[in-house]
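To start, the structure under review is shown below, and the notes come after it.
Values in this document were obtained by computation on a predicted structure and should not be read as measured data. One-based numbering, in listed order, for ligands and for the atoms of each.
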Amino acid sequence: MTLITEIRLRRILDSRGNPTVEADVVTESGGFGRAAAPSGASTGEYEAIELPADEAIAAAREHAVPRLVGEAYAGNQREIDTILRAADGTDDFSEIGANSAVAISMAAAKAGADVLGAPLFQHLGGAFRGENFPTPLGNVVGGGEHAADATDIQEFLSAPVGAPSVEDAVFANAAVHGAVADLLEERDLPSGKGDEGAWAPSVDDEEAFEIVDEAVSQVEDEVGFNIGFGLDVAAAEMYDAESGTYEYESAGVSRDTDEQIAYIAELVDEYDLVYVEDPLDENDYDAFADLTDEVGDQTLVCGDDLFVTNTDRLTEGIDRGAANSILIKPNQIGTLTDAFDAIELATANGYESVISHRSGETEDTTIAHLAVATDAPFIKTGAVGGERTAKLNELIRIADDAT
Ligand SMILES: O=C(O)[C@@H](CO)OP(=O)(O)O
Ligand SMILES: [Mg+2]
């Protein structure tokens with residue numbers, strides 16, 4: 001029933017207006033799945049390779065599609081993804097592009113679910129999936145690689161950990177985003193938005209902390225449940241390997257590694273941060289381990305550029321005690337199977353898995369299903385903006401269907 005009979009690949013627009021790859025997978029019994037690859041801006045050095053969309057499509061048509069059509073079953077995800085790896089023949093998908101690979105991988109999963117008549121989260125999570133729903137981390141103020149002339153820290157994240165439901169959490173993040181807008185106006189700080197829809201005012205990090213802290217407290221009072229606060233520092237983007245320092249340009253401050261660890265630990269204490277992503281450079285496992293020693297019992301220290309959803313890099317991190325959670329981005333590694341393997345390895349070693357969008361996105365909602373299927377504590381997928389609300393609204397629908 002799930003034998004693949006057709007795969008179509010096309011270029012579509014992503015949220016930055018760049019071309020990306022969309023895949024349609026059709027099965028013998030008429031099952032259908034469609035998925036699109038997202039795209040990063042603050043990409044990790046060790047990520048799988050994204051090729052220009054037209055090149056990725058041409059290469060996948062030549063090398064991967066003939067091995068899948070009439071040969072593979074959409075219901076057997078591991079088989080599909082093994083074939084994608086074999087068709088590519090490299091470790092980093094540099095032949096067919098991780099963008100083609102992930103679009104086909106996710107579209108096949110959706111086609112498999114369609115044949116079964118099951119929602120994607122059920123197909124991926126199976127009958128023994130947990131009962132929990134992820135807390136959405138809402139990017140409300142940001143800068144770094146996602147906006148010019150804004151904060152050094154890439155993302156200030158609202159984390160409504162006390163929300164009684166996914167729906168309440170989603171609306172709380174939108175309310176914090178709105179409250180930030182009011183506070184910016186009060187302070188006479190005009191602001192555009194960054195790639196993920198977060199406000200991108202021309203302020204230093206210290207002022208951003210003040211504003212987000214106040215916005216979170218205001219909304220907390222309104223909604224009556226606990227809203228935490230998190231960060232994606234994206235520290236690799238501010239790290240200068242030559243001088244060994246983290247350069248905070250908007251504040252004119254430079255910190256060496258020990259100072260960076262102390263600074264982040266201070267922020268965790270001061271703002272009760274529930275989540276800190278990439279607080280240190282992507283090559284510095286030792287510094288990650290030192291920070292995790294210091295604050296790992298208070299907060300999630302999450303590796304994004306550090307681990308790039310890669311089990312080899314995660315194994316190294318586990319061995320060295322670096323971080324206590326991993327960010328999962330299927331396009332960083334190329335297939336759903338690889339993403340699941342990373343999640344499984346994390347879980348087996350007491351690391352939490354946080355599922356994430358990219359700064360360049362489409363209306364694709366696969367990550368919402370992936371987060372529910374794998375019982376992830378958090379999903380990072382923005383607060384507002386169509387390509388972000390596509391996932392948030394899907395989470396609300398999933399919760400509505402599943403309960
Ligand atoms: O750093 C990140 O976590 C992501 C998503 O927020 O950004 P990008 O997709 O640009 O890598
Ligand atoms: Mg990140």
Side-chain angles (χ1 to χ4, degrees), residues 14-18 20 36-50 98-99 102 134 136-148 150-159 173 177 193-200 230-239 246 264 273 275-284 288 300-310 313-314 317 323 325-334 339 342 352-362 364 366-368 370-371 376 378-385 387-388 390-392:
D14 79 6
S15 53
R16 275 193 278 257
N18 294 326
T20 188
S39 174
S42 64
T43 43
E45 196 179 326
Y46 303 100
E47 290 195 21
I49 303 297
E50 174 189 325
N99 36 350
V102 83
L137 293 168
N139 188 359
V140 293
V141 172
E145 292 297 298
H146 294 171
T151 54
D152 293 309
I153 290 179
Q154 182 178 283
E155 300 166 26
F156 292 77
L157 302 157
S158 162
N173 283 346
H177 190 272
K193 291 181 188 170
D195 285 350
E196 296 181 358
W199 297 109
L231 301 176
D232 181 359
V233 183
E237 303 294 340
M238 57 171 93
Y239 185 64
Y246 295 85
I264 300 291
L273 299 179
Y275 177 82
V276 184
E277 182 182 323
D278 280 351
L280 293 147
D281 182 56
E282 62 202 331
N283 290 301
D284 202 343
F288 262 95
L300 283 189
V301 178
C302 186
D304 169 16
D305 294 346
L306 177 71
F307 294 139
V308 291
T309 319
N310 180 314
R313 291 190 63 83
L314 178 59
S325 68
I326 176 172
L327 203 69
I328 300 291
K329 293 168 166 169
N331 84 314
Q332 255 179 350
I333 190 70
E352 298 282 7
S353 298
V354 176
I355 314 298
S356 175
H357 65 168
R358 301 308 305 253
S359 48
E361 268 294 341
T362 70
D364 191 278
T366 306
I367 58 164
L370 181 59
F378 290 112
I379 180 171
K380 194 173 81 153
T381 187
V384 298
E387 71 283 3
R388 316 292 152 186
K391 283 84 163 160
L392 297 169

Original post:
Taking C-beta and beyond as the side chain, do Arg388 and Ser15 meet within less than 4.5 Å on heavy atoms?
Top reply: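 Yes, close enough: below the 4.5 Å cut-off.
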
Subject >> Pairwise side-chain contact, Val140 with Asn173, heavy-atom cut-off 4.5 Å (strictly under) >> reply: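 Side-chain contact under 4.5 Å: no.
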
Original post:
If you look at Asp304, which of its N/O/S atoms is nearest to the Mg ion (ligand 2)?
Top reply: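 Among the N, O or S atoms of Asp304, the one closest to the Mg ion (ligand 2) is OD2.
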
Original post:
Side chain of Glu282, backbone of Glu45: donor and acceptor closer than 3.5 Å?
Top reply: yes

Original post:
Has the side chain of Tyr46 got a donor or acceptor atom that lies under 3.5 Å from a matching backbone atom of Asn283?
Top reply: no

Original post:
Is it true that some N/O/S atom of Asp305, main chain or side chain, lies under 2.8 Å from the Mg ion (ligand 2)?
Top reply: no

Subject >> Pair Glu47 + Arg358: basic N to acidic O under 4.0 Å >> reply: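 Looking at Glu47 and Arg358, the cut-off is met.
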
Original post:
Does the distance from a Lys or Arg side-chain N to an Asp or Glu carboxylate O, for Asp232 and Lys380, drop under 4.0 Å?
Top reply: yes

Subject >> Check: Thr362/Asp364 side-chain N/O donor and acceptor closer than 3.5 Å >> reply: no

Subject >> Within the 4.0 Å heavy-atom sphere of ligand 1, strictly under, residues >> reply: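 Contacts of ligand 1 under 4.0 Å: Gly40, Ala41, Ser42, His146, Gln154, Glu155, Glu196, Asp232, Glu277, Asp304, Leu327, Lys329, His357, Arg358, Ser359, Lys380.
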
Subject >> Where the Mg ion (ligand 2) is the vertex, angle from Asp232 OD2 to Glu277 OE2 to 10° >> reply: 80°

